[in-house]
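Input: a single structure, listed below in structure tokens.
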Amino acid sequence: MVNRNAAEKALNLIRSRLCNPNFIFRPLCDSPDSNYSKLKFIVSSSVTEACNNSVLLLGPRGTGKVAVLELVLEDLLLEYPDMITLSGGVVFQIRLNGLLHSDDNSALKEIARQLCVEHQLVFSKMASFDDNSEFMIAMLRECGLAHKTVVFVLDEFDLFTQGKQRLLYALLDAMQSVTSQAVFIGVSCRLDADQLLEKRVKSRFSHRKLLFLPPSEEEIYRLLDHVLSLPVDSNLPHDYAMEFNAKLHSMFSDERFRQIIDSFMNFSPTVRHLVKFLFRAVSDMDLKLSNLSFENFKSAISSLQRQPKMECLRDCSILELYILVCMKRLEVKEQNSYSFSAVMKEYKSIHDSFQTSDYYSQDVCLRAFEHILQRGLVCFADGRGRIQSTEFRPVKLLISFAELSQGLKAHHLCPAILQKLAA
Amino acid sequence: MGKDEVPLITRRTTRSSSATAISTKNNVVESTTSTNICSPSPIDLLYGGEPIDLDVLLSNFPGRHPQIRELLQILGPLNAPMLPVFVYGGPSTGKTGILLQLFRHLNRPFVYSSCRTCYSPRILFESVLNQLSYHQKNSTNGYSSVKRCEKPSDFVNFLREALVGIVKSLKENRRKSKSSKKLERSIDGNMVYLIFDKLELVKDWDKSSTILPLLFNLDSMLNIPEVGLIFISSTPPDTFYSSMGYIEPIPLYFPTYNEDDLRQILVRNQANPKLYSSFLDVVLRPFCRITRRLDELSAVFSPLFIEYCKPLNDLAIVPNEDLKRKLFSNLQPHISLFLNETFRVLSQSSLGAERTKDGEPRGSKSKVGTCEDSDELDFHMSTSAKYLLISAFLASRNPATLDASFFDSRGGSADGRKRRRKPSEMAKGQKEAEEQELLSKGPGSFPLERLLAIFQCITSVAEDSLGEEVQEEDSLEVEGQNNPLMSDVLLQLSTLCNANFIVKGGTCPLEGSTRYRSVVSEDLALKVAKSVKFPLAKYVYRR
């Protein structure tokens, strides 16, 4: 019983670690030439020397750009406690997201709202675009005079570069004045995000880029250790934690485990994907066994790496498989565009030549066709045009012939005639 | 599927009853909307009704043990944070039902919104916010939402506020419940879960390119560890890929039921399980070749089972081998009939006719299945609408160049065809193939003027025949060629368009007039023609 409680507490602890990106990326901040230290240098120089800076953080999704940024800001707030004024710290951030605020109006409104929240002012929803932009420029000037650094963080930066880039120009222009003290950080998954900037915006930008790369193998194992090892001096029973850690370390050196990790990282190399994999493995942990075992990781891999089209094919009924095979035959005959009525003709000719037992009326086949449309195995070839009815619109297969024959083989009730026809 | 639906309905009905069960003070509180002392609370976010045991849950959903176990693992023990999860599988495989019952078992608060009832972003956002503020739309607040929320940026801000508020009140409730022992219904844990159902419908929205990435990135935007996100969809996650990326949620697959599970589910709640299972022995396999969806199978099995039980006098008997054979041989002719009507929805009139004329022989309508094939229309249309439909069908079916030969100005039909030599067999076969080719291309489009011209011709024929029958309607003949059937043709046309009998196509770039296309099947056109005694076959073009 004690073991089970301890196992549950350990499970909760590991799960909360996995759902907290700041914890996960902490070990990446140790080395001196990491992105963390470079970013910290940029922001702290802006704080101490009262200058403006701009930088772009680029890298594939899930490599820790925003997490490292938050770590930097947290640590800076700890380092400069003596300059904390009434309205918060010496550094405060304004966060915008390209998904939500790509429109200039809503972006400025959000900036004004966050400024008001930070300084405990009353925010008016009725303020117009000009009011908001005047307010922002005035606040920047005031913050500069009070030696407070404003950090603008723009998530999904590439979405801000659509349109006329008025917001980017306004922000970068405001930072050119001597009185303001701001850091402009853009975060993007597009590695060419700086090429998307207009000429006038680009000239005001410092072209500093920090590239975030997927982790190397030893970094991965360091990460695994950091996340999965139980702390020895917490409220968990001491020998349980030691035993857990010992079993974990012996598993890390197991060849099969290393193979699994390698194959997973070949497939999706970023840290967030690894975290998803670890989460799935840890949630599978058997509380009675109260240890992470190799089987957990193996089942996690198979449940995360799925083949959705194969699953769809296995779920199809025999009539739906017939329709798919007819479509395949039509495509093999190189009919570039064919409709459901042509598929019905092919279906009839198959029935006539092979005398199958599965011959159903047009209505039934149409409904079965609609089922496979819904599942995403076939689609209309004419985009979103809805002028014709379903029977006369051109259709096409969304699975390859190899996938189809593989799916037919895997189907438990597929008649042999279908496999022959699809070959 | 009908059995699984029952718990969903109870959620709606017991929501108010669980609120009133909290304390008797509620009745007074609800009448005065200004003072809300204790009625709205996170308890409103629980599943209405008593929480159930895990065994009950497992027995309610046969064949779903591995999925339920996986879901429980991902949701985790109490207060364990989770990464977003994506539940997918075919339609009627139990995804929504299992998830809601699971939350009933776990006794944790959740917010459920389906993208079918919330069919636009604004309605979706407002539904989630309403549930989080325990706001019910009723006549006192004019059925309005608690906040107007159209933009995603507003939604994320309001959502964050509301979720932080709820998490705080959940933590306070736990402290309070620890101190005071009495509590009618306690909530387990500090976590709140957001469930988005029917996500595949979002792909058809106009704003889907912003809404889908917003939903999938919601957990990293909110950054609140006490919130769990669950997505339910009937299409797999690879159909949601778009140019805007996101970290994919953890997939959880619900395969369609295999035959044994289907049998177990269908036999539940039957009055005589053994009889029904012998019925399933006969019909399940052939029907599973057509479809494996539970809702469609149960819809086609109910009339078939009635047919199966017809020779039995006592519906509670347990059949032995002999009886089973007899019942099977009785059912056999009906099976093939029903196979071809698996997806047919019985209309109201035919269902009613079935019930009234139970055991009497009905001549040509003796078999259950053939009542659909009657030559009568089972919906009502006005006469001019019927003629308009026939004209549209003819206009789509016949090539425009032959209108002159089919319809002369006085409305006569083209019986004066030129005599031709009897064509040879090969030419006949060729012409048949060409005709099939024409048919397979689909109905042609026609401009409005052509439709009106054909309509005019046809109705002048009908006028004559009508005029012979009805002598006293002279008062309707106002002027010369005024035709009582010509009234409001354009109005009828738009009605037919709305009923999807005629489809409006794009405008021709040269002429600038809209073109229409008739999408009725030949069977329906024949039925309509028969109901007005119009000789359709004479007018349809055949090579």
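Below, read A as the first sequence line, B as the second, and so on, with proteins coming before strands; counting in each chain starts at 1.
Taking 4.5 Å as the limit, some side-chain heavy atom of A:P415 sits within range of a side-chain heavy atom of B:R289. Contact annotation: the side chain of A:R367 never approaches that of B:I290 to less than 4.5 Å [non-hydrogen atoms, C-beta and beyond]. Within the 4.5 Å cutoff, the side chain of B:R292 has no heavy atoms near those of the A:E320 side chain. The side-chain heavy atoms of A:H273 and B:I247, taken from C-beta on, include a pair separated by under 4.5 Å. You'll find the side chain of A:L99 stays beyond 4.5 Å of the side chain of B:Y246, heavy atoms only. Side-chain contact between B:P77 and A:N12 is present, with heavy atoms from C-beta onward closer than 4.5 Å. For the pair A:L100 and B:L214, the minimum side-chain heavy-atom distance is below 4.5 Å. With contacts defined as side-chain heavy-atom distances shorter than 4.5 Å, the pair B:P91/A:Q374 qualifies.
Heavy atoms of B:L72 lying under 4.5 Å from chain A are absent altogether. Interface remark: B:M221 contributes side-chain atoms only to the contact with chain A (heavy atom separation under 4.5 Å). Contacts of B:T291 with chain A are made by both backbone and side-chain atoms, with heavy-atom separations under 4.5 Å. Only the side chain of B:N157 comes within less than 4.5 Å of a heavy atom in chain A; its backbone stays farther off. Using a 4.5 Å cut-off between heavy atoms, B:F155 does not touch chain A at all. In this structure, chain A has no heavy atom under 4.5 Å from any part of B:L252. Interface residue B:P255: backbone and side-chain heavy atoms are both found under 4.5 Å from chain A. Heavy atoms of B:N217 lying under 4.5 Å from chain A belong exclusively to its side chain.
Across A:R15 and B:G76, no two heavy atoms sit closer than the pair NH1-CA, 3.4 Å. B:P286 and A:Y360 make their closest contact through O-OH, 4.4 Å (heavy atoms, listed as atom of the first residue, atom of the second, distance).
Chosen from A:M344, A:R272, A:E156, the residue pairing most often with chain B at heavy-atom distances under 4.5 Å is A:R272. Chain B forms the most heavy-atom pairs under 4.5 Å with one residue out of A:G376, A:S16, A:A368, and that residue is A:S16.
Here B:D238 pairs with A:K309 in a salt bridge; the nearest charged N to carboxylate O distance falls below 4.0 Å.
Residues passing the side-chain contact (heavy atoms from CB on, under 4.5 Å) test with B:I74 are A:F279, A:R280, B:V85, B:I250, sequence neighbours excluded.
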